[in-house]
Amino acid sequence: MLEKNFNPESFEKNFSFEIEASLKKPTAEPFMVLLPPPNVTGSLHIGHALCFTLQDIVARYKRLRGYDVLFQPGLDHAGIVTQLLVEKHLYDSGAEKGTLTREQLLKEIWLFKEDSSNVIINQMKTLGISCDFSRLRFTMDEGGKKAVSKIFVKLFEDGLLHRGKKMVNWDPLIKSAISDLEVVEKEVDGHLWYLKYIFADSSGHIVVATTRPETIFGDVAVAVNPEDERYRHLIGKDVVVPLTDRRVKIIMDQYADPEKGTGAVKITPAHDFNDYEVGVRHKLPLIEIMNLRGELNENVPELFRHMDRFEARRNVVELLEKTGLLEKTEDVKQKVPYGDRSDVPLEPMITRQWFVNMEKLAVPAISAVEERKIRFIPKRWENLYFEWLNNVRPWCISRQIWWGHRIPAWYGPDGQVFVAESLEKANEKAVQFYGKNRVELVQDEDVLDTWFSSALWPFVTLGWPEETPEMRRFYSKMIVVTGFDIIFFWIARMIMMGVYSQKEIPFPDVYIHGLVRDEKGRKMSKSKGNVINPLDLCQKYGADAVRWTLASLTLPGRDVKINERSVETGRNFLTKLWNVIRFAKMNGCTYNKEFEISDVAHPAAKWIIFKIKQMVQDVEKSMGEYRFDEVTRHLYHCLWDSFCDWYMEFIKPILQQQTMTDVEKQECNLLPHTLLKKDIRDTTSWAIVQFLHVLYPVAPFISKKLSGEMGVLEISWPNIPNVAVDFSDAIAEVEFLKTVISSIRSIKQYLHLNPGEKVNVRIESACYGDISIRHENILEKMAGIRFGKICSRTIAVVINGAVIHMELEDGVDILSEKDRLRTEVARHRKERDGGIARLTDSGFIDNAGDDVIKEHRRRVEDMEEKIRKIENLLQSLEDVV
RNA sequence: GGGUGAUUAGCUCAGCGGUAGAGCAUCUCGUUUACACCGAGGAGGUCGGCAGUUCAAAUCUGUCAUCACCCACCA
């Protein structure tokens with residue numbers, strides 16, 4: 001017997017799912033789910049829980065539907081984040097900054113990575129994520145390394161890779177270049193300083209506005225717009241850069257915007273992207289004034305050397321003010337580029353880096369989506385994808401950190417580069433190049449952007465560059481489920497690299513889910529303190545409840561707002577399931593393998609079979625469209641409304657009658673009682689098992705557990721014949737019964753009758769005349785009535801062509817009943833009149849479809865009949881009073 | 001500056017041409033041996049504004065407003 005209390009902890013913990021290995025079903029359709037590898041930086045957050053749950057639902061569903069499913073897990077080394085995190089740990093525990101060698105730090109990170117991986121994998125198992133952990137991969141494992149080198153070499157040889165000195169976004173805290181995508185704009189309160197640049201001939205000055213006065217030392221010109229009347233006469237004049245004795249020219253360039261600042265702009269090519277372009281156009285020199293830590297260098301006046309950039313700014317402004325070169329200061333809101341990981345303002349710096357030429361790679365990636373070989377769900381994300389790829393810029397892939405794939409490039413003594421998959425191969429190339437037997441080669445110090453290895457994930461995980469059966473079977477047969485925030489970082493690059501290296505798309509489907517936010521719609525963040533830990537939720541409510549809730553809140557293209565109350569809804573649903581199955585078991589329901597749908601006789605049994613069939617179809621449709629919200633809704637209503645609130649109540653009298661008198665046996669005139677009871681038990685067990693199996697992808701723990709309790713160990717997708725036609729009479733009868741019960745309940749409550757007190761009732765119906773005989777037990781119990789003699793004081797209710805007469809107790813409030821009927825008749829009249837208006841409108845008759853017109857006619861007739869009957873009732877109530 | 005999405009019951013959201021739905025909250029009643037993490041019954045909305053298309057608009061088209069996000073730029 002099941003425990004009285006539903007306690008997910010008692011069984012979820014003990015479950016470990018045996019994941020069927022892939023490739024074991026050679027005749028089945030292959031299907032792969034590529035799990036976005038979480039960073040090895042600690043633990044999973046609620047966003048992972050959502051993402052992984054959705055994938056697990058898909059994977060389990062596909063397995064049930066007979067696919068050969070490979071659900072591929074992995075972990076990402078997450079270069080910068082992980083290194084920063086481990087460094088912080090080390091410093092926090094006493095290590096001195098800058099004392100660790102590369103080898104020492106890497107050793108520490110590997111240790112940390114092991115711990116993190118274990119935590120993450122356990123969390124995934126707690127959530128019930130059914131990936132094939134025996135195939136777990138890490139972006140920096142041996143296979144990953146091989147693949148990365150191979151692709152790097154291929155890109156290099158194909159001319160898609162180059163190394164060069166260029167201006168990049170530099171993170172002074174990490175002391176590394178980062179890519180455009182890792183730049184976030186932040187709006188901050190800043191100042192706009194108006195500086196006087198004195199003419200070299202002392203004949204006056206020009207005022208230039210800047211937000212970065214510390215960069216004046218890198219100024220090589222002042223630019224004005226050629227159209228700008230104010231300054232045209234000054235072009236070519238020399239001015240003196242403030243606080244220095246350096247002379248620069250006033251030049252003309254379209255870049256100077258007369259609308260902004262004073263219309264004259266200082267040009268600092270070494271520290272600004274736009275100025276760099278201007279510098280190139282005018283062949284201006286580059287003056288670098290900062291080192292890689294963001295401190296001013298020897299190219300600035302001695303006073304400011306070694307100052308941090310912000311300290312320098314304060315000091316420069318102070319001195320400018322003192323020397324009278326500061327005209328005025330304005331407060332402004334400005335957008336400043338920050339590093340997304342380090343959260344410090346970035347510096348544009350000229351450094352030597354490796355770049356991938358993205359334009360060529362983008363072309364086939366764009367057409368793959370244009371040609372519908374790859375589709376985004378929801379589709380609108382394709383616009384974002386196109387927009388980015390159409391304007392894609394070179395991808396800076398080198399990082400000046402230690403944790404990551406070391407760039408497979410070696411340099412000879414003269415700086416000649418040899419790109420090769422290994423030192424040996426680089427050596428061969430070098431030997432050939434120099435025509436010597438021995439060449440000292442030094443490997444590039446830098447590592448690759450983490451996303452470089454992530455971009456190869458679809459084929460790396462399948463064993464590439466080895467030729468593997470998995471590669472042949474699953475490549476381009478997968479789905480990727482992820483958040484929109486990594487469409488550029490990951491999705492686009494996987495498509496580019498996949499098409500480039502494999503000559504085939506990696507996956508046809510990309511499902512994009514929303515971000516998980518708190519109940520107010522805010523992003524979750526540690527600083528806001530609104531982070532919800534999925535594992536805490538699992539502990540409190542059970543993993544199934546968490547999974548259920550996440551799935552139920554997932555709508556395509558919408559963010560998921562979550563709070564604990566929404567998880568309670570999921571938990572309540574599972575409790576309901578637990579209880580109803582406990583009840584069924586208490587009444588002797590266990591799964592009967594011999595059960596045949598066609599043998600069922602009782603209308604309620606036929607009805608629930610139909611309802612289950614309908615639910616299965618609905619879930620199949622919704623799964624096909626990745627409508628996880630609909631999937632849970634169908635399950636919810638099927639169980640709670642149809643199964644619990646109606647079906648179980650219908651069959652209680654049958655299940656619970658322990659001993660029957662002969663008279664009672666006669667009443668159950670459908671079947672001999674023992675047979676009827678068995679019939680109902682079997683149907684109930686069957687329905688429960690079907691339900692649990694459809695529930696399985698969403699809530700596997702409870703599904704497995706209760707299915708086992710019902711005597712079914714194997715989960716399989718229901719295969720139910722279409723019963724709608726065969727069972728149509730029974731279905732209609734039960735629907736009628738439901739309406740009768742609801743109506744009587746409604747009236748009784750309206751009249752403030754005590755629900756416990758039975759009211760005498762007579763049912764008058766053309767098609768279901770004998771319903772009161774056939775379903776006496778059910779009606780009496782569920783509607784709180786008694787069939788018997790009806791005295792003259794009666795009221796009645798009209799439903800679907802039937803009239804239910806109810807005997808009035810003394811003291812019943814007839815006036816309010818009359819009010820109720822009048823309101824009802826008025827509502828029906830309004831509806832009828834609306835319908836008639838339509839049906840007499842020639843425009844409607846001429847244009848609307850036949851079925852629509854028919855439906856309107858039917859409704860009008862329906863209303864007419866109801867109105868007629870209610871009017872009769874009102875008349876009869878007049879007689880009573 | 002360019003783009004995308006949202007605006008429907010108190011809240012969170014479905015519905016996306018044929019007379020408005022769910023969950024939660026709320027109100028009334030109910031402790032009948034599955035379940036109070038429950039049952040029964042109610043109340044609650046001119047579907048952001050305006051214009052248009054249509055016999056018919058929450059649903060399609062324009063436009064405006066508000067909010068959110070993305071991209072680009074700023075002296």
Side-chain angles (χ1 to χ4, degrees), chain A residues 2 4-6 180 185 192-195 208-212 223 255-257 259-266 272-275 330 332-336 378 380-381 383-384 387-388 391 484-485 487-488 514-515 517 519 521 523 541 545 552-553 555 557-563 565-566 568-587 627 629-630 632-633 636-637 640 644-645 648-649 652 656 741-742 745-750 752-756 781-784 830-831 834-835 838 841-849 851-853 855-856 859:
Chain A
L2 290 175
K4 177 140 172 53
N5 293 322
F6 167 56
D180 304 334
E185 300 281 340
L192 191 56
W193 286 280
Y194 288 76
L195 316 185
V208 168
T210 179
T211 53
R212 304 209 51 194
Y255 168 66
D257 183 346
E259 304 290 315
K260 287 178 185 163
T262 61
V265 59
K266 64 197 239 8
D272 182 284
F273 284 97
N274 287 308
D275 292 7
E330 268 175 20
V332 287
K333 287 253 180 239
Q334 61 177 147
K335 283 199 182 155
V336 176
R380 67 184 163 86
W381 293 112
N383 294 335
L384 192 71
E387 196 198 296
W388 187 68
N391 301 297
F484 62 84
D485 47 333
I487 290 179
F488 307 147
L515 242 53
R517 295 167 179 280
E519 64 226 289
K523 259 189 192 171
Y541 299 99
S552 69
L553 296 174
L555 286 139
R558 231 178 152 112
D559 285 346
V560 174
K561 284 187 208 165
I562 194 168
N563 60 23
R565 264 224 309 273
S566 46
E568 280 173 20
T569 309
R571 188 265 324 261
N572 293 354
F573 173 75
L574 298 175
T575 308
K576 186 82 179 171
L577 175 69
W578 180 273
N579 281 317
V580 76
I581 291 176
R582 192 163 61 89
F583 177 68
K585 284 200 69 186
M586 274 161 49
N587 284 285
R627 284 297 302 263
D629 62 319
E630 286 184 351
T632 54
R633 253 213 316 278
Y636 185 96
H637 287 118
W640 208 303
C644 293
D645 289 348
M648 284 315 268
E649 297 301 326
K652 263 183 193 172
Q656 290 186 329
I741 292 166
S742 294
R745 280 168 172 174
S746 172
I747 302 259
K748 280 186 72 177
Q749 183 120 6
Y750 191 83
H752 304 293
L753 297 178
N754 186 339
K781 196 164 177 231
M782 291 180 74
K830 202 176 155 198
E831 195 174 337
R838 286 253 176 108
D841 180 350
S842 62
F844 177 73
I845 297 295
D846 294 346
N847 292 297
D851 44 343
V852 174
I853 295 175
E855 175 61 18
H856 277 257
R859 258 188 240 153

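Both backbone and side-chain heavy atoms feed into the values below; hydrogens, waters and symmetry mates do not.
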* To do: Report which part of the nucleic acid Leu553(A) touches: base, sugar-phosphate, or nothing (heavy-atom distance under 4.0 Å, all strands).
  => nothing
If the P atom of U7(B) is compared with that of U59(B), how far apart are they to the nearest Å?
11 Å
Face-on cation placement of Lys652(A) at Phe583(A) ring, 6.0 Å and 45° thresholds:
yes
One should read off an interatomic distance between Met586(A) CE and Asn579(A) CG, to the nearest 0.5 angstrom, of 10.0 Å
Fill in: P atoms of U54(B) and C47(B), separation to the nearest Å
22 Å
For this session: Quote, to the nearest angstrom, the P distance that separates U12(B) from C60(B).
Result: 22 Å
Note to self: With a 4.0 Å cutoff (strictly under), does any side-chain N or O of Arg558(A) reach OP1 or OP2 of A14(B)?
What the structure shows: yes
query: Is any side-chain heavy atom of Leu384(A) closer than 4.5 Å to a side-chain heavy atom of Ile487(A)?
result: yes
Legend entry - Nearest-Å distance once atom C1' is located in both C27(B) and A65(B): 36 Å
Sorted by position of nearest nucleotide on RNA chain B, 5' first, the leading residue of Arg212(A) and Leu555(A) is Leu555(A)
Side chain to side chain donor-acceptor pair (under 3.5 Å) filter on Asp629(A), not counting sequence neighbours, yields Arg627(A)
Are any side-chain N or O atoms of Arg838(A) and backbone N or O atoms of Ile845(A), one a donor and one an acceptor, separated by less than 3.5 Å? no
- Message: When the C1' atoms of A22(B) and C69(B) are compared, how many Å lie between them, rounded to an integer?
- Response: 27 Å
- [ ] Quick one: label Lys561(A) by what it contacts on the DNA or RNA (base, sugar-phosphate, nothing), any heavy atom closer than 4.0 Å.
- [x] sugar-phosphate
Check your understanding: How are the rings of Trp578(A) and Phe6(A) set to each other: parallel, tilted or perpendicular (split at 30° and 60°)?
Key -> tilted
Exercise for review: For Gly784(A), answer base if it contacts any base atom (sugar-phosphate contacts may also be present), sugar-phosphate if it contacts only those atoms, and nothing otherwise; contact means non-hydrogen atoms under 4.0 Å.
Suggested key: nothing
| NA contact type, Arg633(A), heavy-atom cut-off 4.0 Å: base, sugar-phosphate, or nothing? | sugar-phosphate
Separation between CZ (Arg571(A)) and NZ (Lys576(A)), nearest 0.5 Å, reads 14.0 Å
ask   = Would you say Leu574(A) and Tyr541(A) make side-chain contact, with heavy atoms under 4.5 Å?
value = no
(message) Once you apply a heavy-atom cut-off of 4.0 Å, does Asn563(A) come out as touching a base, just sugar-phosphate, or nothing?
(response) nothing
At less than 3.5 Å, do the side-chain atoms of Lys748(A) and the base atoms of A40(B) form a donor-acceptor pair?
no
Identify whether any heavy atom of Ala256(A) sits under 4.0 Å from a base atom; if not, whether one sits that close to sugar-phosphate; answer base, sugar-phosphate or nothing.
-> base
Taken to the nearest 0.5 Å, the spacing of Leu195(A) CG from Thr262(A) OG1 works out to 9.5 Å
TODO: Assign Phe273(A) to base, sugar-phosphate, or nothing according to its heavy-atom contacts below 4.0 angstrom with the strands shown.
DONE: nothing
If you look at every strand shown and take non-hydrogen atoms under 4.0 Å, does Glu649(A) touch a base, only sugar-phosphate, or nothing? base
Distance col, row Arg565(A):CZ vs Asn572(A):CG, nearest 0.5 angstrom, shows 12.0 Å
Mind checking the C1' distance from C16(B) to U66(B)? Whole angstroms is fine.
22 Å
Q) Is there a donor on the side chain of Glu831(A) or the base of U19(B) sitting less than 3.5 Å from an acceptor on the other? A) no
Against the side chain of Phe484(A), the closest entry in C29(B), A75(B), C69(B) is C69(B)
| task | With heavy atoms under 4.0 Å as the rule, sort Asp846(A) into base, sugar-phosphate or nothing. | result | nothing
Exercise for review: Sticking with atom P, work out how far G45(B) lies from U31(B), rounded to a whole angstrom.
Suggested key: 32 Å
Applying the Watson-Crick and G-U criteria (both distances under 3.5 angstrom) with [ ] for crossing and | for other-strand pairs, one obtains for RNA chain B (((((((..((((....[..)))).(((((.......))))).....(((((..]....))))))))))))....
Taking for Lys335(A) and for Ser742(A) the nucleotide of RNA chain B with the nearest heavy atom, the one nearer the 5' end belongs to Ser742(A)
Separation of C35(B) atom P from Phe573(A) atom CZ, nearest Å, is 18 Å
Please list each protein N or O that sits under 3.5 Å from an N or O in nucleotides 24-27 of chain B, with the distance.
from	atom 1	to	atom 2	distance (Å)
C24(B)	O2'	Arg565(A)	NE	3.4

Taken to the nearest whole Å, CD/Glu630(A) to P/C13(B) is 17 Å
Q) Roughly how far apart, to the nearest Å, are U28(B) and G44(B) at atom P? A) 16 Å
Answer yes if the side chains of Asn383(A) and Arg380(A) hold a donor-acceptor pair under 3.5 Å, and no otherwise.
no
Note to self: I want to check one thing: is the phosphate of A75(B), taken as OP1 and OP2, less than 4.0 Å away from some side-chain N or O of Thr262(A)?
What the structure shows: no
